[in-house]
Amino acid sequence: MSTDRNDEPSLEGGYDPEVVESRWQERWVDSDVYAYDEDEKRDPNTVYSIDTPPPTVSGSLHMGHLYGHTLQDFAARFQRMADGDVLFPFGYDDNGIASERLTEKELDIRHQDYERREFQELCREVCTEYEAEFTEKMQGLGCSIDWNNTYKTIEPRVQRISQLSFLDLYEKGREYRKKAPAIWCPECETAISQVEMEDDERGSHFNDIAFELVGDDAPREEFIISTTRPELIPACVSVFVHPDDEENQDLIGETARIPIFGHEVPIIEDERVDMEKGSGVVMCCTFGDQNDIEWYQAHDLPLRVAIDESATMTDLAGDYEGMSTEEAREAIVEDLEDEGALRDRWEITHAVQVHERCDTAVEYRVSKQWYVEILDHKEEYLEAGREMDWYPEKMFTRYKHWIEGLEWDWLISRQRDSGIPFPVWYCADCDHEVMAAREDLPVDPLSDEPPVDSCPECAHDEFVAEEDVFDTWATSSLTPLINAGWDWDADSEAFTMDNPELYPFDLRPQGHDIISFWLFHTIVKCYEHTGEVPFDATMINGHILDENREKMSKSRGNIVAPDEVLAEYPVDAVRFWAASAAVGDDFPYQEKDLIAGEKLLRKLWNASKLVDTLAPREPDEPADLEAIDRWLLAELDDAVADLTAHFEDYEFAKARDRLRTFFWNTFCDDYLEIAKTREDNPSTQYALRTAHRTFLELWAPFLPHATEEIWQAVYAGEARRASDTSSGEGSEPRDSEATLEDSSIHVRDWPAPQGYEADLEAGETAMEVISALRRYKSENQLPLNADLESVSVYGPVDGFEDAIRNVMHVRELTLLEDEPEISTEVAEIDLDYSTLGPKFGSKVGEIDAGIESGEYEIDENEGVLRVADEELEDDLFEVELERTYSGDGEMIETESAVVILD
RNA sequence: GGGCUCGUGGUCUAGCUGGUCAUGACGCGGCCUUUACAAGGCCGAGGUCGGUGGUUCGAACCCGCCCGAGCCCA
């Protein structure tokens with residue numbers, strides 16, 4: 001049956017990634033190969049734990065997810081092999097505005113039209129669908145995630161942790177509720193934080209509006225203000241002039257009358273006025289922008305609210321009440337024109353701050369919100385950042401600059417439906433804050449009762465439930481605590497962790513765009529709760545750009561979907577590509593770059609087949625290894641040591657290149673060709689198998705599917721096939737799943753150098769000689785297996801004579817004791833500038849010139865070079881000789897040998 | 001507008017605690033069927049290391065300015 005081949009790993013035929021990859025992805029998940037076994041007592045020093053930021057449920061998997069998770073997986077797979085226990089969890093961030101907007105879009109509804117519970121239910125349904133699809137795609141990436149260890153930020157356990165966090169910070173005095181101007185999205189009808197805003201270039205108009213001065217002794221009748229937002233004039237509370245603005249000095253201290261509305265406001269001086277913009281005179285409205293907020297606070301101005309929470313004009317706007325801001329803008333401009341107050345109007349484009357989730361221009365509104373105090377602990381958070389290892393190190397600067405530039409505390413309350421509620425009630429009489437009891441969490445104040453019957457402050461017995469929910473980041477900043485099972489133990493009255501060995505986490509991976517808020521907020525929360533920095537190290541990945549090095553975005557239409565890539569190329573090839581960039585650097589996606597990975601998979605497959613024909617699978621170790629075989633294993637030792645260091649430092653690109661070069665050039669091109677001529681040799685058989693097993697292990701973090709297939713087909717499969725004697729039918733379910741947890745290559749020990757010693761110089765020289773002979777054949781258009789009559793070699797190749805002779809088909813190989821008969825003349829003199837420079841300084845130029853013009857003398861007896869009135873010791877220069885072979889045959893020179901062909 | 005980062009053959013990159021033929025891959029041209037792989041092997045062409053000024057005996061590497069790109073923040 002054809003299913004036989006598809007079901008069982010084998011080296012038959014060519015490498016078929018489609019069959020192989022889906023086979024192992026399924027089996028890894030089914031047999032819990034990557035499960036973190038939390039029952040046993042774990043040693044915190046060897047457990048490797050990753051806290052990965054849960055993807056926001058707002059759409060499908062993109063290249064950033066693919067790249068980020070692949071990098072994390074390199075680390076996870078290496079650590080699992082090198083150190084044993086790894087927790088690589090996964091979560092979904094589905095409690096915020098992002099998933100609400102997704103639900104509204106998906107179902108074509110508005111949250112305002114539903115009861116809160118009802119809308120929440122719809123959110124859960126939509127998110128669940130998206131999550132299932134996302135999970136499937138994630139598993140298609142071959143990441144070694146423990147799918148038993150997943151969470152959603154909206155689930156009750158996380159709600160409890162989130163509310164516990166709120167109570168803990170409140171008790172520590174690090175949270176407060178305050179009425180103050182906040183950034184507001186009129187579309188989502190909620191306060192949002194700074195990080196949720198982005199700039200957008202929009203078309204608009206500048207309007208020059210005339211304001212009259214009040215009073216008989218006013219210095220002039222009117223002045224002009226330029227504004228893009230005439231609908232805000234009913235909210236105007238003052239006018240500002242720069243103290244250095246000579247033209248408008250006369251206005252300071254006067255009173256202005258607002259056109260149409262007629263209310264009067266003071267004219268004040270302030271340095272924050274931008275004199276270059278418009279007329280240099282500016283109105284302050286509550287609120288048009290952040291500057292208005294500063295003025296409002298600094299000058300203790302009154303509050304005039306002309307725009308409500310849905311961007312509709314209030315009664316303060318008089319005739320314009322009930323209009324949207326856009327309608328009011330046009331209407332007011334028209335009326336200003338009728339009144340003769342509109343002096344000019346012209347089109348402009350300018351940057352408008354919009355809510356990143358819905359692209360609606362934000363407003364600023366005064367409202368009562370909850371804040372986490374962070375400004376007073378800036379130094380501590382900086383210190384926490386310094387304590388972590390940053391990969392790459394340079395990314396710490398971003399974190400540092402972000403903290404140094406902080407100006408606002410963290411606003412954590414949102415006026416939304418779907419989210420985790422604040423566990424708070426307020427006394428209906430005195431507004432005293434009543435917190436939920438820890439043991440009752442999670443609670444929803446809208447349906448649950450407060451833990452007291454009457455207000456502890458004023459004894460009033462009615463309470464108002466807090467309707468707000470937490471900012472998404474207030475929860476997603478708790479992922480280390482969620483992953484470690486943080487909770488409050490009522491008996492011991494202390495916080496506990498189910499898996500304390502995980503905390504602090506070894507690694508926190510993320511893109512460089514979220515250092516300033518997600519990583520920062522996570523450090524803030526965890527540090528305040530536990531007093532510890534939550535991560536030992538953080539790895540910052542770059543962004544995938546399009547083939548023109550430009551950011552992928554929907555509006556540019558240059559998005560590449562992982563689905564399309566994976567339909568064409570093996571996952572392992574995609575992973576190999578993902579390993580090509582230095583961690584932290586942005587790099588472009590170019591389809592052709594995946595070909596290198598495909599080629600490597602094919603090479604690994606074919607080399608494995610060859611090894612399988614050359615040597616028995618379990619050869620005995622011979623008492624003595626021959627030089628060529630010992631040389632390979634000694635080189636392998638070096639490679640293992642280098643690779644281990646690279647992986648430990650998250651230098652995946654270096655590891656990838658080192659391994660590829662050694663595997664392809666040294667093992668396949670050099671050693672395998674030699675091994676073909678030595679297949680019955682026990683020493684070679686042993687070296688071949690040792691190297692092959694090690695290569696599979698070393699490649700495993702990068703190419704998990706291909707290495708698993710080969711490993712299972714060649715090494716792990718032996719026992720299984722032996723026990724499976726009952727029938728030859730492939731359709732029968734085998735017990736391979738049951739043992740995969742033990743037999744998988746991914747749970748093997750990472751290779752360690754075995755201490756082989758060999759004459760590396762001789763091996764290197766022998767390879768040079770072989771490659772020189774290959775080149776000779778190639779240049780003379782000879783087949784590579786053509787016989788060479790007689791070859792003489794001068795150079796250190798002891799022990800490798802047979803290798804050279806056999807692989808290059810040399811009939812007679814002679815090792816020369818002495819350098820062959822050659823006539824020499826000086827071709828060039830190489831100077832050792834690194835010692836010459838410091839010693840002779842500016843004299844180096846003269847020395848160079850002397851050599852160039854031939855005005856020098858080499859004293860062979862003294863071993864010195866005399867040039868430019870200086871005497872250079874023999875360690876400072878090297879004489880390159882032009883050799884001419886005067887004997888019979890052709891001479892080829894390599895780095896450290898001379899080869900003569902007769 | 002400010003900060004951080006990046007700019008190396010046609011493309012993607014290594015090198016960047018300064019030291020003299022700048023690494024490899026992909027692509028391109030030529031040659032060759034070694035006991036796996038021709039989607040392989042060998043050889044070759046192709047670079048004023050973004051530009052410019054400076055420090056130095058010497059700069060891809062250090063410093064200044066400029067240009068382009070990305071991210072973050074105004």
Side-chain angles (χ1 to χ4, degrees), chain A residues 11 14-15 194-195 197-199 289-291 351 353 392 394-402 404-407 511-517 540 542-545 547-551 576-577 580-582 584-614 653-654 656-658 660-661 664-665 668-669 672-679 771-786 806-809 828 830-849:
Chain A
L11 280 183
Y15 182 59
Q194 255 184 294
V195 300
M197 285 196 301
E198 59 188 21
D199 286 351
D289 59 25
Q290 293 203 32
N291 229 359
Q353 298 205 293
K394 63 189 177 192
M395 290 295 175
F396 171 66
T397 320
R398 294 203 186 184
Y399 177 85
K400 182 165 170 265
H401 284 250
W402 169 257
E404 286 170 349
L406 279 174
E407 284 175 23
H512 55 55
D513 54 330
I514 59 172
I515 294 172
S516 53
F517 50 107
I540 313 292
H543 285 178
I544 307 293
L545 309 175
E547 56 184 354
N548 301 315
R549 282 190 167 281
E550 286 185 18
K551 187 188 175 182
F576 188 68
W577 161 77
S580 68
D585 284 0
D586 291 347
F587 73 119
Y589 167 78
Q590 300 201 101
E591 188 171 338
K592 59 184 182 182
D593 289 341
L594 295 175
I595 292 168
E598 274 196 304
K599 287 189 174 187
L600 175 68
L601 292 174
R602 214 170 286 132
K603 193 77 178 174
L604 179 61
W605 183 260
N606 289 320
S608 299
K609 285 171 76 164
L610 178 62
V611 169
D612 222 32
T613 63
L614 293 176
K654 286 183 183 174
R656 173 193 119 123
D657 290 346
R658 175 76 170 90
R660 187 194 178 280
T661 302
W664 200 302
N665 302 119
C668 293
D669 291 347
L672 277 182
E673 290 305 328
I674 294 166
K676 285 175 185 174
T677 67
R678 301 165 52 84
E679 63 179 313
S771 113
L773 292 174
R774 239 185 235 146
R775 202 178 312 134
Y776 171 83
K777 288 183 178 181
S778 180
E779 281 167 0
N780 289 281
Q781 306 192 5
L782 294 168
L784 282 169
N785 60 353
N806 293 333
V807 78
M808 281 293 110
H809 300 268
E828 208 179 347
D830 288 340
L831 298 172
D832 176 11
Y833 288 95
S834 57
T835 41
L836 193 72
K839 194 168 176 184
F840 291 97
S842 55
K843 200 78 196 270
V844 172
E846 283 180 51
I847 293 170
D848 275 335

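As the structure is a computational prediction, the values presented were derived from the model and not from experiment. Below, read A as the first sequence line, B as the second, and so on, with proteins coming before strands; counting in each chain starts at 1.
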Q: Using the P atom as the reference point in each nucleotide, state the distance between B/C71 and B/G30 in Å, no decimals.
A: 42 Å
Q: Mind checking A/K676 for me? I need base, sugar-phosphate or nothing, with any heavy atom below 4.0 Å counting as a touch.
A: base
Q. Base, sugar-phosphate, or nothing: which does A/D669 touch, judged by heavy atoms less than 4.0 Å apart?
A. sugar-phosphate
Q) How many angstroms lie between OG1 in A/T661 and CG in A/D669, if you round to the nearest 0.5 Å? A) 10.5 Å
Q | Gap between atom OG1 of A/T677 and atom CG of A/L672 - 0.5 Å precision | A | 11.0 Å
Q: Indicate whether OP1 or OP2 belonging to B/U35 is found under 4.0 Å from a side-chain N or O atom of A/K609.
A: no
**Q.** Separation of B/A14 C1' from A/K654 NZ (nearest whole Å)
**A.** 9 Å
Q | Geometric class of the A/W577/A/Y589 ring pair [parallel <30°, tilted 30-60°, perpendicular >60°] | A | perpendicular
Q: In whole angstrom, give me the gap between the C1' atoms of B/G40 and B/U34.
A: 11 Å
Q) To the nearest Å, how far apart are A/Y833 OH and B/G18 P? A) 18 Å
Table please: side-chain donor-acceptor pairs of residues 590-600 of chain A below 3.5 Å, with sequence neighbours left out.
unit_1: A/E591; atom_1: OE2; unit_2: A/Y569; atom_2: OH; d: 2.9

(Q) Whether the side chain of A/K603 and the base of B/A39 hold a donor-acceptor pair under 3.5 Å is what I'd like checked. (A) no
Q: Determine the contact category for A/E547: base if any of its heavy atoms lies under 4.0 Å from a base atom, sugar-phosphate if only primed atoms, P, OP1 or OP2 are that close, otherwise nothing.
A: nothing
Q) Do you know which two heavy atoms are closest between A/K676 and A/L610, and how far apart they sit? A) CE-CD2, 3.7 Å
Q: Determine yes or no for a side-chain-to-main-chain donor-acceptor pair under 3.5 angstrom, with A/K603 supplying the side chain and A/W664 the backbone.
A: no
Q) When we call it a touch if two heavy atoms are under 4.0 Å apart, what does A/R775 touch: a base, just sugar-phosphate, or nothing? A) sugar-phosphate
Q. What integer distance in Å separates A/L773:CG from B/C43:C1'?
A. 15 Å
Q | Between B/U13 and B/G1 - C1' atom distance, rounded Å | A | 34 Å
Q.
Please give the distance between the P atoms of B/A38 and B/U33 as a whole number of Å.
A. 15 Å
Q: Determine the contact category for A/Q590: base if any of its heavy atoms lies under 4.0 Å from a base atom, sugar-phosphate if only primed atoms, P, OP1 or OP2 are that close, otherwise nothing.
A: sugar-phosphate
Q | Pairwise P distance for B/G7 and B/C16, with rounding to whole Å | A | 13 Å
Q. Rounded to the Å, how far apart are A/R658 CZ and B/G15 P?
A. 15 Å
**Q.** Spacing of A/L614 atom CG relative to B/U34 atom P, expressed in whole Å
**A.** 17 Å
Q.
For the P atoms, the ones on B/C66 and on B/A60, what distance do you get once it is rounded to whole angstrom?
A. 23 Å
Below 3.5 Å is the cut-off: list the nitrogen or oxygen pairs between protein and nucleotides 23-33 of chain B, distance only.
unit_1: B/C26; atom_1: OP1; unit_2: A/K599; atom_2: NZ; d: 3.4

Q: Please state the P separation for the pair B/U11 and B/G54 - nearest whole angstrom.
A: 30 Å
**Q.** A/D586 versus A/H543, closest heavy-atom pair with distance
**A.** OD1-N, 2.6 Å
Q. For the pair made of CZ in A/R774 and P in B/C43, what is the distance, rounded to whole Å?
A. 9 Å
Q | Watson-Crick/G-U partner (both atom distances under 3.5 Å) of B/G1 | A | B/C73
Q.
Both A/K843 and A/M395 contact RNA chain B. Taking the nearest nucleotide for each, which residue is further toward the 5' end?
A. A/M395
Q: Please determine if A/K394 and A/D585 form a salt bridge, counting it only when a charged side-chain N lies under 4.0 Å from a carboxylate O.
A: yes
Q) Roughly how far, to the nearest 0.5 Å, is CG of A/N606 from NZ of A/K609? A) 6.0 Å
(Q) Base contacts versus sugar-phosphate-only contacts with protein, heavy atoms under 4.0 Å: please encode nucleotides 69-74 of chain B as B, S and - from 5' to 3'. (A) SBSSSB
Q) Starting at CG of A/L610 and ending at C1' of B/A36, how long is that distance when rounded to a whole Å? A) 5 Å
Q: If B/C62 has a Watson-Crick or G-U wobble mate with both distances under 3.5 Å, name it; if not, just say none.
A: B/G54
Q. Which whole number of Å gives the distance between the C1' atom of B/G29 and that of B/C65?
A. 43 Å
Q) Heavy atoms under 4.0 Å, any strand shown: does A/F587 hit a base, just sugar-phosphate, or nothing? A) sugar-phosphate
Q | Assigned partner base of B/G40, Watson-Crick or wobble definition, under 3.5 Å | A | B/C32
Q | Separation between CD1 of A/I515 and CH2 of A/W402, rounded to the nearest 0.5 Å | A | 11.5 Å
Q.
For B/C26, give the paired nucleotide (Watson-Crick: N1-N3 plus N6-O4 or O6-N4; G-U: N1-O2 and O6-N3; both under 3.5 Å), or none.
A. B/G10
Q) Out of curiosity, A/H512 NE2 to A/I540 CD1, how far, rounded to the nearest 0.5 Å? A) 9.0 Å
Q) Could you give the CD1-to-P distance, from A/I540 to B/C4, as a whole number of Å? A) 17 Å
Q: Starting at OG1 of A/T613, measure out to CD of A/E679 and round the result to the nearest 0.5 Å.
A: 7.0 Å
Q. Which sits closer to the 5' end of RNA chain B, A/R602 or A/H401, going by the nucleotide each is nearest to?
A. A/H401
